[in-house]
Amino acid sequence: QVELVESGGALVQPGGSLRLSCAASGVIFSLLDMSWHRQAPGKQRELVAAITSGATTNYADFVKGRFTISRDNAKRAVYLQMNSLKPEDTAIYYCNSNFRGFARWGQGTQVTVSS
């Protein structure tokens, strides 16, 4: 019933910035815990950042101080502001929703950091 669509991925140079967006439909968005995950070629999917229905945030150590997750319940959207990007940030970034253990995933958006 939950549909998630990511956007904003692009090719950027090291040190650059990007803002990813995730739009949700089919549910009361304010009830969902939201998160961003990423998966690089040949690697496992990993958690990047999370924000609860109460707006509490949590970040993976490798993005602390560089990335910021936020949400706009009126717009049914969650965002990931990425600054000081590094080549190792290159991956497909996925939006995730969770309600009492029931999770859904978006299709992903490609982020490539290269000079």
Side-chain angles (χ1 to χ4, degrees):
Q1 195 170 35
V2 178
E3 293 183 296
L4 304 173
V5 180
E6 302 96 333
S7 63
L11 170 65
V12 297
Q13 295 185 333
S17 298
L18 281 175
R19 189 192 192 206
L20 305 184
S21 298
C22 173
S25 63
V27 299
I28 300 176
F29 184 76
S30 62
L31 298 178
L32 303 174
D33 292 330
M34 304 296 297
S35 61
W36 287 95
H37 298 240
R38 71 186 187 187
Q39 187 166 21
K43 291 189 173 182
Q44 294 181 299
R45 189 172 298 186
E46 60 186 354
L47 173 69
V48 175
I51 184 166
T52 68
S53 61
T56 298
T57 60
N58 192 28
Y59 299 91
D61 288 341
F62 55 82
V63 302
K64 286 182 178 177
R66 299 191 297 127
F67 293 6
T68 301
I69 187 170
S70 62
R71 66 191 297 158
D72 187 333
N73 291 341
K75 295 182 178 180
R76 290 172 163 262
V78 62
Y79 308 97
L80 184 67
Q81 178 66 47
M82 305 186 293
N83 299 323
S84 302
L85 284 162
K86 306 174 181 179
E88 51 263 45
D89 293 320
T90 296
I92 298 175
Y93 283 70
Y94 297 91
C95 182
N96 171 270
S97 69
N98 188 282
F99 178 71
R100 296 182 179 180
F102 297 94
R104 294 291 178 88
W105 296 90
Q107 84 289 348
T109 185
Q110 178 70 49
V111 172
T112 302
V113 185
S114 177
S115 59

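Numbering starts at 1 and runs along the sequence shown. These numbers come from the heavy atoms of this one structure, side chains and all, not from hydrogens, waters or symmetry mates.
Applying the disulfide (SG to SG under 2.5 Å) test to residues at least two apart or on different chains, the pairs with a partner in residues 17-115 are Cys22-Cys95. Sorted by first and then second residue, the disulfide (SG to SG under 2.5 Å) pairs with a member in residues 26-88 form an empty list; sequence neighbours excluded. Sorted by first and then second residue, the side chain to side chain donor-acceptor pair (under 3.5 Å) pairs with a member in residues 25-35 read Glu3-Ser25, Ser35-His37, Ser35-Asn96; sequence neighbours excluded. Pairs passing the salt bridge (charged side-chain N to carboxylate O under 4.0 Å, His left out) check and including a residue from residues 66-79, sequence neighbours excluded, read Arg66-Asp89. Among pairs with a residue in residues 39-58, those fulfilling salt bridge (charged side-chain N to carboxylate O under 4.0 Å, His left out) read Arg38-Glu46, at least two apart in sequence or across chains.
Residues Ile69 and Val78 have side chains in contact (heavy-atom distance under 4.5 Å, counting atoms from C-beta outward). At a threshold of 4.5 Å between non-hydrogen side-chain atoms, the residues Leu4 and Met34 count as touching. Using a 4.5 Å heavy-atom cutoff, the side chains of Pro87 and Ser114 are not in contact. In this structure the side chain of Val111 reaches within 4.5 angstrom of the side chain of Leu20, judged on heavy atoms. For the pair Leu47 and Tyr59, the minimum side-chain heavy-atom distance is 4.5 Å or more. No side-chain heavy atom of Glu88 sits less than 4.5 Å from a side-chain heavy atom of Phe62. Contact check for Arg19 versus Met82: no side-chain heavy atoms found under the 4.5 Å cut-off. Using a 4.5 Å heavy-atom threshold, the side chains of Ser53 and Leu31 count as separate.
Contact detail for Ser17 and Ser84: the closest heavy-atom pair is OG-N, 4.4 Å. Nearest heavy atoms, Gly8 versus Thr109: N-OG1, 4.1 Å.
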Next item on the list: Report the C-alpha distance between Lys86 and Val113 in whole Å, list the side-chain angles of each, state the deciding distance to 0.1 Å, and finish with yes or no for side chain to side chain contact (heavy atoms under 4.5 Å, CB included).
Entry: CA-CA 6 Å; Lys86 306 174 181 179; Val113 185; 5.6 Å; no
Item checked: Test log, rule side chain to side chain contact (heavy atoms under 4.5 Å, CB included), inputs Leu80 and Thr68 -> CA-CA 6 Å; Leu80 184 67; Thr68 301; over 6 Å; no
Next item on the list: Give the C-alpha distance, both sets of side-chain angles, the deciding distance and a yes or no for side chain to side chain contact (heavy atoms under 4.5 Å, CB included) between Gln81 and Ser70.
Entry: CA-CA 8 Å; Gln81 178 66 47; Ser70 62; over 6 Å; no
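Leu85 and Tyr94 fall into different hydrophobic clusters, where Ile, Leu, Val, Met, Phe, Trp and Tyr are joined by side-chain heavy atoms under 4.5 Å apart, directly or via other members. Following chains of ILVMFWY side-chain contacts shorter than 4.5 Å, one cannot reach Tyr79 starting from Leu18, and the two form parts of different hydrophobic clusters. Phe29 and Trp105 end up in different hydrophobic clusters when Ile, Leu, Val, Met, Phe, Trp and Tyr side chains are linked at under 4.5 Å. In the hydrophobic cluster analysis, where Ile, Leu, Val, Met, Phe, Trp and Tyr join through side-chain heavy atoms closer than 4.5 angstrom, Tyr93 is grouped together with Val2.
Within a 6.0 Å sphere centred on CG of Leu11, other residues, nucleotides and ligands contribute more than 12 heavy atoms.
Shown here are the side chain to side chain contact (heavy atoms under 4.5 Å, CB included) partners of Ser7, two or more places apart in sequence or in another chain: Ser21.
Of the inter-residue distances, the one linking Thr52 atom OG1 with Asn98 atom CG reads 11.5 Å to the nearest 0.5 angstrom. A distance of 7.5 Å separates OG1 in Thr90 from CD in Gln110, rounded to the nearest 0.5 Å.
Between the side chain of Gln39 and the backbone N or O of Ile92, no donor-acceptor pair lies under 3.5 Å.
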